[in-house]
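For reference, the structure discussed in these notes is given below.
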Amino acid sequence: MALAADLLLVVHFAIAAFVVGGLVLVWIGAAAGWRWVRNPWFRYLHLAAIVVVALEALAGYACPLTVWEDLLRGGVRPESFVGRWVYAALYYRAPEWVFTALYAAWAAATLITLRAAPPRRTAR
């Protein structure tokens with residue numbers, strides 16, 4: 001079960017990195033003229049990911065991946081190397097409202113970026 005929980009944690013971290021890093025790469029790529037940052041699949045998948053996170057937080061729901069990981073771990077802290085480091089990078093201690101505000105702000109920034117640097121069906 002610990003290995004499954006570690007794998008789930010790595011997937012969870014990858015999704016978080018996609019949400020954060022994706023927007024930063026779009027900002028850089030739009031300024032640098034990178035065509036791939038205007039790919040509609042990438043952009044709308046990115047938007048969907050942050051909107052789901054923001055809506056979960058605004059509704060007061062725990063992330064299903066976090067709940068699933070906790071169930072796999074039996075409610076204990078990760079003990080493996082991967083679990084310890086990825087968990088430390090992914091989870092921070094702060095009041096819940098801080099995360100909700102950050103998620104909502106990131107979703108708004110993603111929407112604004114979608115309008116400012118819209119995706120295109122064909123590269124120009």
Hydrophobic clustering (ILVMFWY, side-chain heavy atoms < 4.5 Å, transitive) - are [Y] and [X] grouped together?
X	Y	result
L102	I50	no
L71	L7	no
V52	W68	no
Y61	W97	no
L58	V98	no

Let me know which of Y44, F42, W41 forms a side-chain contact (heavy atoms from CB on, under 4.5 Å) with P119.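 It is Y44, the one option of Y44, F42, W41 that forms the side-chain contact (heavy atoms from CB on, under 4.5 Å) with P119.
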Just wondering, are more than 12 heavy atoms of other shown residues or ligands nearer than 6.0 Å to CH2 in W34?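 Count over threshold, so yes.
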Minimal non-hydrogen separation, [X] against [Y], with atom names:
X	Y	result
V37	G29	CG2-C, 3.7 Å
F99	A94	CE1-O, 3.6 Å
V67	A62	CG2-CB, 3.8 Å
V19	W106	O-NE1, 3.0 Å

So [Y] and [X], do their side chains get closer than 4.5 Å, heavy atoms only?
X	Y	answer
R73	D6	yes
L23	W27	yes
W36	L25	yes
Y103	L55	no

Measure the CG-CZ distance between L114 and R38 for me, rounded to the nearest 0.5 Å.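 It comes to 10.5 Å.
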What's the spacing between E69 CD and L9 CG if we round to 0.5 Å?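 Answer for the CD-CG pair, E69 versus L9, is 4.5 Å.
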Evaluate the side chain to side chain contact (heavy atoms under 4.5 Å, CB included) criterion for residues E56 and V51: first the C-alpha distance (whole Å), next the side-chain angles of each, then the deciding distance (0.1 Å), finally the verdict. CA-CA 8 Å; E56 285 173 352; V51 166; over 6 Å; no
Just do the side chain to side chain contact (heavy atoms under 4.5 Å, CB included) check on R43 and T113 with the steps written out, would you? CA-CA 10 Å; R43 296 295 295 282; T113 302; 3.8 Å; yes
Sub-3.5 Å donor-acceptor pair from the side chain of T100 to the main-chain atoms of E96, do we have one?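 Side chain of T100 to backbone of E96: a pair is present.
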